[in-house]
Protein chains: 2
Amino acid sequence: MIDDSPRQSALNAPEGVPKAVVNRLSLYLRELQQLTRAGLETTSSTRLGELLGLTGAQIRKDLAYFGQFGYPGIGYRCHELIDQIRNILGTSHTWPVALVGVGNLGRALLRYKGFSLRGFEVVAVFDVDHNVVGSEVEGIPVFHVDELADVMRQRQIRLAIVAVPAAAAQKAADRLVEAGVEGILNFAPVTLSLPANVTTVGVDLAIELEQLSFAVVNRNENA
Amino acid sequence: MIDDSPRQSALNAPEGVPKAVVNRLSLYLRELQQLTRAGLETTSSTRLGELLGLTGAQIRKDLAYFGQFGYPGIGYRCHELIDQIRNILGTSHTWPVALVGVGNLGRALLRYKGFSLRGFEVVAVFDVDHNVVGSEVEGIPVFHVDELADVMRQRQIRLAIVAVPAAAAQKAADRLVEAGVEGILNFAPVTLSLPANVTTVGVDLAIELEQLSFAVVNRNENA
DNA sequence: TAGATTGTTAATCGATTAACAATC
DNA sequence: TAGATTGTTAATCGATTAACAATC
């Protein structure tokens with residue numbers, strides 16, 4: 001018989017968890033979901049580390065910030081660890097998300113079906129273009145940005161994705177802040193200036209390519 | 001008279017530059033470009049730090065990995081530092097880039113006009129769908145993935161963007177590796193297994209949202 | 001000159017790794 | 001029991017910050 005009792009729950013993160021640790025947690029989650037799809041019941045920190053190019057020690061240390069989730073001699077039960085990590089990340093329940101900007105990128109994000117499995121669902125879209133306001137895109141209603149505060153309150157939206165041109169991004173962010181947003185995923189290639197109580201994560205595609213460029217150009221010297 | 005002589009050039013990065021440093025370099029570049037657009041000639045590490053939420057000391061230390069680019073008492077000449085950072089990152093000349101996958105995201109990336117200013121240009125698109133192969137998207141020719149090696153050699157492509165569904169990503173990466181790719185920007189939510197001589201940068205939108213979720217949920221406790 | 005700001009060193013702080021007793 | 005693997009501690013390694021002489 002396998003002991004099925006739940007391990008120590010970890011709803012509250014201790015203070016001072018490094019950002020890098022939280023980022024790896026997402027990687028562990030993604031890989032664990034992949035493993036369960038492949039039919040695996042359990043895995044070990046060493047095995048997971050091999051798949052991700054990390055050491056087992058680092059994985060165990062990362063998890064230790066939040067509690068004890070493994071079984072000595074056995075490893076980790078995939079489903080259980082998935083649930084725990086989702087608890088830690090706060091994605092056990094689906095977050096309703098606002099999308100600002102229905103340009104090319106915005107539409108691509110709307111069509112992307114991968115968010116729901118990870119606990120996110122775009123439930124409202126905002127734009128300033130009167131050609132799209134009032135219509136639906138991919139089944140999601142498009143509102144004017146003036147309605148941000150109303151719709152966000154009504155639908156209990158706390159997170160938003162900004163997918164507008166660089167020149168419009170700060171203004172969009174300001175409106176979101178007014179409307180009480182708590183976190184912004186920003187695709188515009190600018191640094192947003194935001195109050196300290198709003199979290200922002202930026203994704204700049206050019207920056208990612210620059211990192212690639214640097215690595216490729218300097219590969220030989222660093223060998 | 002302002003001394004206009006170029007500072008020490010920095011074509012080769014010293015060994016062991018932390019990844020975080022290179023990432024910040026991209027941030028400095030982006031912000032400097034913004035400043036020049038606003039008409040500024042010079043700036044200081046302190047000012048730049050304020051804009052980016054970093055300390056001046058960190059910026060000076062980061063730059064010191066690569067050379068001396070500033071003027072005591074004056075700061076940095078924006079245009080000059082922009083050129084130097086582009087040199088360091090390897091984006092002084094435009095990289096021709098391959099895009100694999102012309103789905104929603106692929107098309108959105110093709111329509112995005114921001115790459116060229118930063119030194120990247122998608123010059124060839126690859127897919128397996130015979131409905132698009134042979135056509136053009138946004139003026140860029142679409143080839144079958146079987147032609148990867150040929151086209152990449154011919155157009156001297158070293159970097160590629162993978163924008164295919166998760167299930168097809170590893171296969172696409174394998175083909176790129178066969179064709180001699182040196183760097184891959186991967187948008188599929190999977191860890192690619194690649195030889196050590198190929199660099200990969202991954203962008204997973206769900207992971208970014210998870211980081212946001214964690215930060216928002218844990219904001220109060222960590223205050 | 002006085003004021004500003006760099007580049008660099010030393011001190012501090014934080015993250016990763018290695019090792020191993022405890023556990024299954 | 002023997003083998004495997006965890007959680008955790010201590011040691012190592014790396015990154016950030018603060019301070020300041022040198023410079024313009």
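- Under the Watson-Crick and G-U wobble criteria, each requiring two contacts below 3.5 Å, nucleotide dA4(D) is paired to dT23(C).
- Residues R175(B) and E178(B) are not paired through a salt bridge, judged by the lack of any N-O separation under 4.0 Å between the basic side chain and the carboxylate.
- In this structure, Q58(A) atom CD and dG7(D) atom P are separated by 15 Å, rounded to whole Å.
- In the model, S45(B) has a side-chain atom that pairs as donor or acceptor with a side-chain atom of R60(B) under 3.5 Å.
- Remark: side-chain polar atoms of Q33(A) are not paired, donor with acceptor, to backbone N or O of I82(A) under 3.5 angstrom.
- Between F69(A) atom CZ and dT8(D) atom P the separation is 11 Å, expressed in whole Å.
- For the side chain to side chain contact (heavy atoms under 4.5 Å, CB included) criterion with L194(A), the lone passing option out of V181(A), N186(A), I184(A) is I184(A).
- Across all strands shown, S45(A) has heavy atoms under 4.0 Å from sugar-phosphate atoms exclusively, and none from any base.
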Pairwise N/O distances under 3.5 Å, protein to nucleotides 18-22 of chain C:
none

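- One can place OH of Y65(A) at 13 Å from C1' of dT9(D), the figure rounded to the nearest angstrom.
- Atom CZ of R155(A) has 12 or fewer heavy atoms from other residues, nucleotides or ligands within 6.0 Å.
- Residue S44(B) places its side chain closer to dT6(C) than to any other of dT6(C), dT8(C), dT17(D).
- The separation between D62(A) atom CG and dG14(C) atom P is 17 Å, rounded to whole Å.
- Taking the ring centre of Y65(B) as origin, the terminal cationic atom of K61(B) falls inside the region bounded by 6.0 Å and 45° from the ring axis.
- Between I59(A) atom CD1 and dT6(D) atom P the separation is 9 Å, expressed in whole Å.
- Using a 4.0 Å cut-off between a side-chain N of Lys or Arg and a carboxylate O of Asp or Glu, D204(A) and R118(B) qualify as a salt bridge.
- Rounded to whole Å, the distance from CZ on R47(A) to P on dA4(D) is 16 Å.
- For E208(B) (side chain) and V203(A) (main-chain N/O), no donor-acceptor pair under 3.5 Å exists by modelled atom type.
- With rounding to whole Å, Y71(A) atom OH is found 11 Å from dC24(C) atom P.
- Across every strand in view, dT9(C) sits in a pair with dA18(D) that passes the Watson-Crick or G-U test at under 3.5 angstrom.
- Distances shorter than 4.0 Å separate none of the side-chain N or O atoms of Q68(A) from OP1 or OP2 on dT23(C).
- Contact check of residues 18-40 of chain B against DNA chain D (heavy atom, cut-off under 4.0 Å) returns P18(B), R24(B).
- The OH-C1' distance, from Y76(A) to dC24(C), rounds to 14 Å in whole Å.
- For E50(A), the CD atom sits in a packed shell: over 12 heavy atoms of surrounding residues, nucleotides or ligands are nearer than 6.0 Å.
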